[in-house]
Amino acid sequence: MDSNRIANALLLLRLGVFMVMFVWTLDKFINPQHSAGVFEHFYGLSDLSSTAFVWIGVAQLILVMAFVVGYKKRISYGAVLILHSISTLSSWHKYMDPFNNLLFFAAWPMLAACIALYYLRDMDTRWTIDNR
């Protein structure tokens with residue numbers, strides 16, 4: 001198979017995952033109350049301050065920027081995969097009522113993209129810092 005086609009496909013997957021993760025990151029800065037509600041409802045974490053969400057947002061921003069530029073792929077792609085896995089699995093109760101929670105099912109193809117990117121990270125060479 002043509003390595004350019006593979007690299008282009010992986011780039012598109014990486015950019016697609018980045019877009020979602022980046023908006024989730026921005027939410028922590030722009031609307032920390034929403035993030036607090038998500039953390040309480042899905043992760044059982046309450047009483048986090050707005051400052052805590054800024055620091056979580058800073059850490060997540062560093063991660064998603066490393067991810068989108070392909071820096072330290074084993075770590076950055078792995079961390080994105082772990083975070084999205086936790087997010088997807090913590091929403092398990094939403095999958096029990098699928099027709100009232102259809103948008104939650106979009107997490108599964110994104111999880112598949114994260115897994116594919118992690119497994120094929122050495123082939124993901126288009127626009128990456130760690131281009132091998």
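Along the sequence shown, the residues carry numbers beginning at 1. Everything numeric in this text was worked out from a predicted model, so none of it was measured.
Among pairs with a residue in residues 78-96, none fulfils salt bridge (charged side-chain N to carboxylate O under 4.0 Å, His left out), at least two apart in sequence or across chains.
Taking the ring centroids of His93 and Phe42, they lie under the 6.0 Å cut-off.
Checking side-chain atoms of Arg121 against main-chain N and O of Gly78 turns up no donor-acceptor pair under 3.5 Å. Proximity of a side-chain donor or acceptor of Asn8 to a complementary backbone N or O of Asn4 within less than 3.5 Å is detected. A donor-acceptor pair under 3.5 Å links the side-chain atoms of His84 to the main chain of Ala107, judged by distance alone. Judged by distance alone, the side chain of Ser87 and the main-chain N or O of Leu83 form no donor-acceptor pair under 3.5 Å.
Classified by interplanar angle (parallel below 30°, tilted 30° to 60°, perpendicular above 60°), the ring pair Tyr43/Phe39 is perpendicular.
Separating the OH atom in Tyr118 from the CZ atom in Arg74 is a distance of 4.5 Å, to the nearest 0.5 Å.
Considering only heavy atoms from C-beta on, Ile56 comes within 4.5 Å of Phe53 through its side chain. Contact annotation: the side chain of Trp24 approaches that of Gln60 to within less than 4.5 Å [non-hydrogen atoms, C-beta and beyond]. No side-chain heavy atom of Phe22 sits under 4.5 Å from any side-chain heavy atom of Val68. Within the 4.5 Å cutoff, side-chain heavy atoms of Phe29 are placed close to those of Val54. With contacts defined as side-chain heavy-atom distances shorter than 4.5 Å, the pair Leu11/Leu15 qualifies. Counting only heavy atoms from C-beta outward, the side chains of Thr128 and Tyr71 never approach each other to under 4.5 Å. Residues Ser85 and Leu81 are in side-chain contact: their nearest non-hydrogen atoms beyond the backbone lie under 4.5 Å apart.
Salt-bridge annotation for Asp124 and Lys73: absent, with no side-chain N of the basic residue lying under 4.0 Å from a carboxylate O of the acidic one.
Within a 6.0 Å radius of CG in Asp97, more than 12 heavy atoms belonging to other residues, nucleotides or ligands are found. Crowding of Tyr95 atom OH: a count of heavy atoms from other residues, nucleotides or ligands under 6.0 Å exceeding 12. Few gaps surround CG on Leu102; more than 12 heavy atoms of other groups in view lie less than 6.0 Å from it.
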